[in-house]
Protein chains: 2
Amino acid sequence: MPQKISENIQDYLKRIYEFTLSGGRASTNQLAQALGISAASVTNMVQKLSKTEPPYLTYEKHQGVKLTPFGEQAALKIIRRHRLIEIYLVEKLGYTWDEVHAEAEILEHAMSPLLEKRIDAALDHPKFDPHGDPIPDINLEIPEIEQTALSSLEIGNKGRVLRVPNEDPQVLRYLGKFGIRPGAHIKLISRTPYDQTMRIKITETGNEAVIGPSLGNKISIAKDS
Amino acid sequence: MPQKISENIQDYLKRIYEFTLSGGRASTNQLAQALGISAASVTNMVQKLSKTEPPYLTYEKHQGVKLTPFGEQAALKIIRRHRLIEIYLVEKLGYTWDEVHAEAEILEHAMSPLLEKRIDAALDHPKFDPHGDPIPDINLEIPEIEQTALSSLEIGNKGRVLRVPNEDPQVLRYLGKFGIRPGAHIKLISRTPYDQTMRIKITETGNEAVIGPSLGNKISIAKDS
DNA sequence: ATTATAATTTAGGTAAGCCTAATTTTTATT
DNA sequence: AATAAAAATTAGGCTTACCTAAATTATAAT
Ligand SMILES: [Mn+2]
Ligand SMILES: [Mn+2]
Ligand SMILES: [Mn+2]
Ligand SMILES: [Mn+2]
């Protein structure tokens, strides 16, 4: 019996969705760290969420969790709201892209279906949030997008930025300074042999930026053919 | 030590502020009904809120409660946010004035100082909400407005609507239908002797409306000289 | 294959904010 | 002044979502 779902549970489901996007299961520790709570609390909660009717997720001891289709729908509902809020704040209220994530993390839980509808309409049904993440549509359909990690680009080759990681404001300010944002065209200049640090050139701004491998793995691009 | 204040407590303080606006104290039952909880729970909470350092309110057994200046500041902070949200939803997102109260009741708790600032700026520092209630300014100052109840108008005399009650969507739709809104000019046509029901004429729309005494007491006007 | 380390789970407990039922105090009515 | 009714308080409990510490299970390193 699908009841009202607490804000905490909404965040659990959202995190699990994110961690299992590319297949596999979300681990207890992973979730504990992401949610800023103890592993014991996570175990407790996921056990509970696996025993609802219908269950939000499947839980196997020591094997982590995975959303059921039911749980995934619930997660997508919040993710839609989160991303709509982010793009609305940027487009209509003059926020910068490094400010919106924290704000959306709170507001997503306070958004009524009506507000969701009005914001969606005011932006003419936007397809992407400020960081390039796709916004699930009203039916919670989310487009599959062909994308690879910036790290996998070969030297001399070009690509177009699709999405950047959105949690860390510092990183976003760094990227923004060079014009590394969704839609930007970039070219890989060099990669150091030992630590795989990359130099890339951004076409639009003419800037060159240094990107380490872990950040490079979190930036998605479309490779130029 | 002014800590973070829970959403529940924010609502308590807001209600107490409203009930004590015209002096006096807020009673346990009054609060219980307004908050939709038991009287016992209210007693418990107000006792707690009277023992914080500094206290949010003064509590005397069986005598009801009254906000301290500290508690009043806390209440005004939420009220500012509530009313800013209401006017924003009407001005920028196409809400009607009967839809905004319920929405603001939730969003007020999720609003960051930054969002408050941006919304305030986007509306060019609005002074009133859609129902004519004054919005406390950034320093939480709230203007004293000379106002009387519609009920106290004499037959044949005129006035200008200042504010209407904002909780009940049905009432707001009724008033809206006749054009009874802040700024509207009205004239009292008649008052029945037994139950004090009034007929009023709205200048702008030419409509005539019937208003009972209890509603008439909740509509504020400025009398024409 | 042991053994050490890391991850996870279990056990027991806490704080917020509610509840109902019983009791006390205040207020209103005869 | 006595009594009835209404309002408020106290007592005892419950649920949610956390916590720490201890125990267990899985994984990695010898
Ligand atoms: Mn959140
Ligand atoms: Mn984002
Ligand atoms: Mn509220
Ligand atoms: Mn209002």
C:dA16 phosphate, OP1 or OP2: any side-chain N/O from B:Y12 under 4.0 angstrom?
-> no

Verdict with reasoning, A:L49 to A:Y59, per side chain to side chain contact (heavy atoms under 4.5 Å, CB included) | CA-CA 9 Å; A:L49 293 177; A:Y59 165 74; over 6 Å; no

If you draw a 6.0 Å radius around CD in A:Q47, do more than 12 non-hydrogen atoms from other residues or ligands fall strictly inside?
-> yes

Between A:Y88 and B:Y88, what is the ring plane arrangement, given parallel below 30°, perpendicular above 60°, and tilted in between?
-> perpendicular

Distance in angstrom units between A:N8 CG and C:dG17 P, rounded | 14 Å

Only one of A:V42, A:L31, A:N44 passes side-chain contact (heavy atoms from CB on, under 4.5 Å) with A:I37, and that residue is A:V42

Atom CG of B:L35 to atom C1' of C:dC18: distance rounded to whole Å?
-> 12 Å

Rounded off to whole Å, could you give me the CG-to-C1' distance for the B:L49 and C:dA16 pair?
-> 12 Å

So which of B:E167, B:E86, B:H101, B:R163 actually passes side-chain hydrogen bond (donor to acceptor under 3.5 Å, both in side chains) with B:H131?
-> B:E86

Can you name the nearest heavy-atom pair linking A:L172 to A:P165, along with the distance?
-> CD2-O, 3.4 Å

Within residues 58-68 of chain A: residues closer than 4.0 Å to DNA chain D (heavy atoms) = A:H62

Step-by-step side chain to side chain contact (heavy atoms under 4.5 Å, CB included) determination, B:I180 to B:I211 = CA-CA 11 Å; B:I180 303 175; B:I211 304 282; 4.1 Å; yes

Which of residues 13-32 of chain B have a heavy atom under 4.0 Å from DNA chain D?
-> B:S27, B:T28, B:N29

Evaluate side chain to side chain contact (heavy atoms under 4.5 Å, CB included) for A:V171 paired with A:D98, printing each intermediate quantity in order.
-> CA-CA 8 Å; A:V171 169; A:D98 58 298; over 6 Å; no

Could A:E116 and A:K77 be called an ion pair, given the rule that one side-chain N must be under 4.0 Å from one carboxylate O?
-> no

Could you tell me whether the phosphate oxygens of C:dG17, OP1 or OP2, come under 4.0 Å of any side-chain nitrogen or oxygen in B:S41?
-> no

So where does chain B start and stop touching DNA chain D, 5' to 3', when the test is distance under 4.0 Å to a non-hydrogen atom?
-> D:dA7 to D:dT10

